[in-house]
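Working notes, beginning with the structure itself.
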2 protein chains.
Amino acid sequence: MLSKKTRYALKALVVLGKNFGGAPMQISKIASEEHIPKKFLEQILLDMRNAGLLYSKKGSGGGYGLVKDPAEIYMVQVLRLTGGPVALLPCVSLNFYQKCDECTNEATCGVRDVFVEVRNATLKILSETSIADVINREEILIKNFEE
Amino acid sequence: MLSKKTRYALKALVVLGKNFGGAPMQISKIASEEHIPKKFLEQILLDMRNAGLLYSKKGSGGGYGLVKDPAEIYMVQVLRLTGGPVALLPCVSLNFYQKCDECTNEATCGVRDVFVEVRNATLKILSETSIADVINREEILIKNFEE
DNA sequence: ATAAAAGACTACTAAATCTATATACTTTAT
DNA sequence: ATAAAGTATATAGATTTAGTAGTCTTTTAT
């Protein structure tokens with residue numbers, strides 16, 4: 001499961017994506033719109049700012065905005081940035097690799113082999129889907145929902 | 001990430017799969033072979049027995065064995081049985097569904113939509129791969145490894 | 001110049017979950 | 001009868017996650 005941190009980050013980026021090009025958006029606005037605890041969101045946005053994904057502006061009229069076009073921000077980036085595991089086993093993770101202590105020979109582990117496949121399938125989707133894609137999907141969903 | 005419980009369960013089932021048709025295998029043997037804490041493994045095997053996946057025999061010469069052919073036990077079953085989440089979001093899980101409290105309209109959530117896709121891809125692999133397949137994979141891996 | 005707005009940064013706490021261990025009991029083979 | 005092996009429940013310890021609190025800094029408006 002993804003952590004709340006990762007979930008909140010994705011939600012916030014979608015909101016900021018919709019706002020791309022406009023004036024910076026305040027944390028409290030994002031927080032109330034998306035039902036995210038404000039103080040928690042502060043930390044998350046800060047992380048993403050420090051990673052270069054967002055810019056921030058202090059003072060009156062300040063807030064957060066996307067640095068890049070939402071079409072260039074991929075979901076996998078957000079997962080990794082917020083520490084979300086893409087792989088289901090540590091020994092299969094590309095960015096957070098860790099040996100399984102119980103395993104004697106990783107190279108011949110059949111369970112691992114299956115989860116490499118799972119990781120590849122997941123990674124394919126998450127590295128092909130951008131925040132802009134998510135926004136597009138939402139528009140389609142809303143259309144279908146209203147019918 | 002999968003829990004250790006799930007990982008241990010899968011490992012144990014692979015060992016029991018290799019032993020299918022033979023005499024019951026003792027917990028302590030499985031535990032030492034796979035480097036799993038014995039007492040922890042006891043609980044896990046019990047769970048799987050209560051779920052009808054394993055049989056057990058008490059007393060001298062007792063132990064555990066698979067009830068069904070390893071070709072008929074699918075990885076997804078093991079994940080679900082040991083509480084492992086297949087989905088990356090609670091609102092996307094088929095067997096452990098839970099509403100995301102922050103979400104206002106699930107039906108039009110783009111993030112969710114993407115993770116439905118991820119779940120489907122994962123599920124496809126895990127519900128097509130049996131313990132017997134894992135054992136086969138291991139044989140292939142060993143062959144390639146020895147070359 | 002000053003006050004208010006808004007983010008930056010650090011620390012901490014509470015809750016949940018996971019992993020593992022301990023203890024006592026039951027069944028079965030010899 | 002005894003030893004081997006699983007059954008069952010409780011609990012402890014560790015780790016992670018989620019969330020809160022408080023203070024500091026920067027910027028804008030007046």
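Lettering of chains follows the sequences in order, A, B, ..., and the numbering in each one begins at 1. Keep in mind the model is a prediction, meaning the values are calculated, not measured.
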Matching residue for B/K18 among B/E139, B/E138, B/E34 - test: salt bridge (charged side-chain N to carboxylate O under 4.0 Å, His left out):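 When salt bridge (charged side-chain N to carboxylate O under 4.0 Å, His left out) is applied between B/K18 and each of B/E139, B/E138, B/E34, only B/E138 qualifies.
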Would you say [X] places a side-chain N or O within less than 4.0 Å of OP1 or OP2 belonging to [N]?
X     : N      : value
A/R49 : C/dG7  : no
B/Y8  : C/dA20 : yes
A/S56 : C/dA6  : no
A/K57 : D/dT28 : yes
B/S28 : D/dA5  : no

Within this structure, what is the [atom1]-to-[atom2] distance between [X] and [N], rounded to whole angstrom?
X     : N      : atom1 : atom2 : value
B/Q43 : C/dT19 : CD    : P     : 12 Å
A/L54 : C/dA6  : CG    : C1'   : 15 Å
B/K29 : D/dA4  : NZ    : C1'   : 16 Å
A/Q98 : D/dT16 : CD    : C1'   : 14 Å
A/M1  : C/dA16 : CE    : C1'   : 15 Å
A/Y64 : D/dT26 : OH    : C1'   : 13 Å
A/K38 : C/dA8  : NZ    : P     : 12 Å
A/Q26 : C/dA4  : CD    : P     : 17 Å

Salt-bridge criterion met for A/R137 and B/E117 (N-O under 4.0 Å):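 Yes.
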Where the side chain of [X] is concerned, which of [options] is the nearest nucleotide?
X     : options               : answer
B/K58 : D/dT7, C/dC9, D/dA10  : D/dT7
A/N50 : D/dT7, C/dT21, C/dC9  : C/dC9
A/S60 : C/dA5, D/dT20, C/dT19 : C/dA5
B/F40 : C/dA11, C/dA20, C/dG7 : C/dA20
A/E42 : C/dA20, C/dC9, C/dG7  : C/dC9

Sugar-phosphate, base or nothing in reach of A/K39, heavy atoms under 4.0 Å: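 The residue A/K39 makes base contact.
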Sugar-phosphate, base or nothing in reach of B/L45, heavy atoms under 4.0 Å: nothing
Does [X] reach the main-chain N or O of [Y] with its side chain, forming a donor-acceptor pair under 3.5 Å?
X      : Y      : answer
A/E72  : A/D69  : no
A/N136 : A/I140 : no
B/N19  : B/L16  : no

Nearest-nucleotide comparison on DNA chain D, the residue closer to the 5′ end among B/G62 and B/D101: B/G62
Atom of A/G110, atom of B/V134 and distance for their closest heavy-atom approach: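 Shortest heavy-atom separation between A/G110 and B/V134 comes out as C-CG1, 3.6 Å.
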Contact nearer the 5' end of DNA chain C, comparing A/G59 with A/L46: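 Mapping each residue to its closest nucleotide by heavy atoms, the 5'-most match is A/G59.
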